Trainee: 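Structure in C-alpha cells, see below.
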Amino acid sequence: MRHPVSEIDTKRHLEGIILAAGESRRMGYPKPLLEVGGRTFIEQIAETMLAVVPRLVIVIGAHRERVRAAIARDVRIAIIENPDYSRGQLASLKVGLGAIQPDSAGAIVHLGDHPMVRVETFRAIVDSYNRTGKPIVIARHDGRRGHPVIFDRALFGELMSAPQGEGARNVVNADASRVAYVDVDDPGINLDLDTPADLARAALPPPPRR
C-alpha cells in the first residue's frame, strides 16, 4: 500500500467498507479477482480507499478463500466474512457496519466491482461530509448517483433494520434533506461490470479461463 496515512484527515475520521461478497454469477468469475492495470480489482480499490481512511473493512462471502488470498496483508485492513452473502448486498453492508470501530464518525461504503473510481472522488465526498454535516453523502456523475457513499454513524441503526428486499436505498430515499450529492467528473462511479461484455466495453481484460 503506497499511500501514506499522513494524507488522511482525522478531524472526523471515517472508516471504509468494501462489499466483496457477491457470487459473480453473470461474470462467471469472482469479480474482486478481475484485473485492471495488472492488479486485481480488490487490490486497486483497497489502495485507493486507504488514501482517505485509516482503516478498511472488506466483507467477503462467496469465493471467500480466493478473495481473502488476494487481499494485501495490512494492519489497516480487517477481513470479515458474511455467511449470508446470498441474501444480497444489504446483508453484507450490515456485517461491515458491525465491524466499524466505535470511535469512527461513519463509513465510506464502496463496491468490490467498481475499481475505476479515482482517489479524488473519495476525497471530494469526504470534504462534502465534513463541510455540509449531512449524514449521507453520495457521488454523482452526469446526474446519476453511484458509489462511493458515506453513511454517518447516526444512520447505522436505520441501515441495520432496513428491509432486506429494499436495501440501503430505503434509508437514502427516506428523507432527501439528509443527503448531499457531490458531482464528480468520474464515470467510474457508475461503471457496472457484471458480464464479460461489460469488461470488453470498458477495455478491461476478460475473465481468466478456469
Side-chain angles (χ1 to χ4, degrees), residues 1-5 7-8 14-101 107-119 121-122 139 146-149 186-210:
M1 301 293 174
R2 296 191 296 270
H3 296 293
V5 176
E7 292 185 32
I8 298 167
L14 298 161
E15 294 186 357
I17 298 174
I18 300 176
L19 304 180
E23 296 176 78
S24 306
R25 288 183 180 178
R26 295 173 62 195
M27 186 65 70
Y29 187 85
K31 288 193 284 185
L33 305 183
L34 295 170
E35 293 193 355
V36 53
R39 312 180 71 204
T40 63
F41 283 13
I42 198 67
E43 289 177 302
Q44 177 69 28
I45 297 166
E47 180 168 312
T48 301
M49 291 186 72
L50 282 170
V52 295
V53 296
R55 181 173 179 268
L56 183 61
V57 174
I58 302 179
V59 183
I60 62 175
H63 318 290
R64 59 187 177 274
E65 296 307 324
R66 295 174 69 185
V67 175
R68 182 190 294 275
I71 297 171
R73 294 184 179 181
D74 191 311
V75 294
R76 298 171 293 171
I77 296 176
I79 303 172
I80 308 296
E81 290 190 22
N82 173 22
D84 295 322
Y85 60 84
S86 62
R87 298 184 66 194
Q89 207 172 83
L90 181 60
S92 291
L93 176 57
K94 291 178 179 180
V95 169
L97 291 173
I100 294 295
Q101 292 183 331
I108 306 177
V109 180
H110 197 49
L111 305 180
D113 60 358
H114 280 49
M116 309 293 280
V117 177
R118 302 166 185 160
V119 68
T121 294
F122 286 96
H147 284 83
V149 177
D186 187 351
I189 72 164
N190 289 314
L191 184 61
D192 291 325
L193 300 171
D194 293 323
T195 68
D198 293 335
L199 295 176
R201 280 190 289 271
L204 292 173
R209 294 183 179 180
R210 294 182 180 234

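As the structure is a prediction and not an experimental result, all values here were calculated from the model. Values reported hereafter were calculated over all heavy atoms of this structure, with side chains retained and with hydrogens, waters and symmetry mates removed.
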Trainee: Quick one: closest heavy-atom pair of R55 and I100, and the distance?
Mentor: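 Heavy-atom minimum between the residues: NH1-CA, 4.1 Å.
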
Trainee: Report yes if some heavy atom in the side chain of I77 is under 4.5 Å from a heavy atom in the side chain of L50; otherwise report no.
Mentor: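 Yes. Closest side-chain heavy atoms under 4.5 Å.
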
Trainee: Ignoring hydrogens and geometry, is there a side-chain-to-backbone donor-acceptor pair from N190 to P187 under 3.5 Å?
Mentor: no

Trainee: Would you confirm whether N82, through its side chain, and G61, through its main-chain N or O, come within 3.5 Å as a donor-acceptor pair?
Mentor: no

Trainee: Do P207 and P196 have side chains that approach each other closer than 4.5 Å (heavy atoms only, starting at C-beta)?
Mentor: yes

Trainee: Should R76 and L56 count as side-chain neighbours, where that means a heavy-atom distance under 4.5 Å?
Mentor: no

Trainee: So, H114 side chain and G188 main chain: donor-acceptor pair closer than 3.5 Å or not?
Mentor: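 No, the answer is negative, given that no donor and acceptor are paired below the 3.5 Å cut-off.
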
Trainee: Can you tell me how far CD1 of I45 sits from CZ of R39, rounded to the nearest 0.5 angstrom?
Mentor: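 Taking CZ in R39 and CD1 in I45, the distance rounds to 11.0 Å.
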
Trainee: Identify the two heavy atoms, one from L193 and one from A202, that lie closest to each other, and give their separation to 0.1 Å.
Mentor: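 Between these two residues, the closest heavy atoms are CD2-CB, 4.0 Å.
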
Trainee: Distance-only, no hydrogens or angles: does the S24 side chain make a donor-acceptor pair with backbone N or O of K31 under 3.5 Å?
Mentor: yes

Trainee: Closest heavy-atom contact between P115 and V36?
Mentor: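 Smallest heavy-atom distance, with atoms named: CB-CG1, 4.0 Å.
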
Trainee: Assess whether atom CZ of R68 is packed by more than 12 heavy atoms of other residues, nucleotides or ligands within 6.0 Å.
Mentor: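 Atom CZ in R68 is packed in, count exceeds 12.
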
Trainee: Tell me whether E35 contacts the main-chain N or O of P205 through its side chain, where contact means a donor paired with an acceptor under 3.5 Å.
Mentor: no

Trainee: What heavy-atom pair brings V95 and I80 nearest, and what distance separates the two atoms?
Mentor: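 Reported closest heavy-atom pair: CG1-CG2, 3.3 Å.
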
Trainee: About how many Å separate CG of D84 and NZ of K94, when rounded to the nearest 0.5 Å?
Mentor: 10.5 Å

Trainee: Should we count CE of M27 as having more than 12 external heavy atoms under 6.0 Å?
Mentor: yes

Trainee: Where do F41 and D113 come nearest, in terms of heavy atoms and distance?
Mentor: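 Heavy atoms only, the tightest pair is CD2-CA, 4.1 Å.
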
Trainee: For residues L111 and Q89, determine if any side-chain heavy atom of one lies less than 4.5 Å from a side-chain heavy atom of the other.
Mentor: yes

Trainee: Does any part of the side chain of I71, heavy atoms only, come nearer than 4.5 Å to the side chain of I60, both counted from C-beta?
Mentor: yes

Trainee: Looking at side-chain heavy atoms only, is the closest gap between L93 and V59 below 4.5 Å?
Mentor: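 No. Closest side-chain heavy atoms not under 4.5 Å.
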
Trainee: If you round to the nearest 0.5 Å, how far is CZ of F122 from CE of M49?
Mentor: 5.0 Å

Trainee: At their closest point, which heavy atom of A20 faces which heavy atom of I42, and how far apart are they?
Mentor: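 Smallest interatomic distance, heavy atoms only, reads CB-CD1, 4.0 Å.
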
Trainee: Should Y29 and R66 count as side-chain neighbours, where that means a heavy-atom distance under 4.5 Å?
Mentor: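 The answer is yes; the side chains approach within 4.5 Å.
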
Trainee: Picking from V117, I17, T121, what satisfies side-chain contact (heavy atoms from CB on, under 4.5 Å) with H110?
Mentor: V117

Trainee: Any side-chain heavy-atom pair from L34 and L204 closer than 4.5 angstrom?
Mentor: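 A side-chain contact under 4.5 Å is absent here.
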
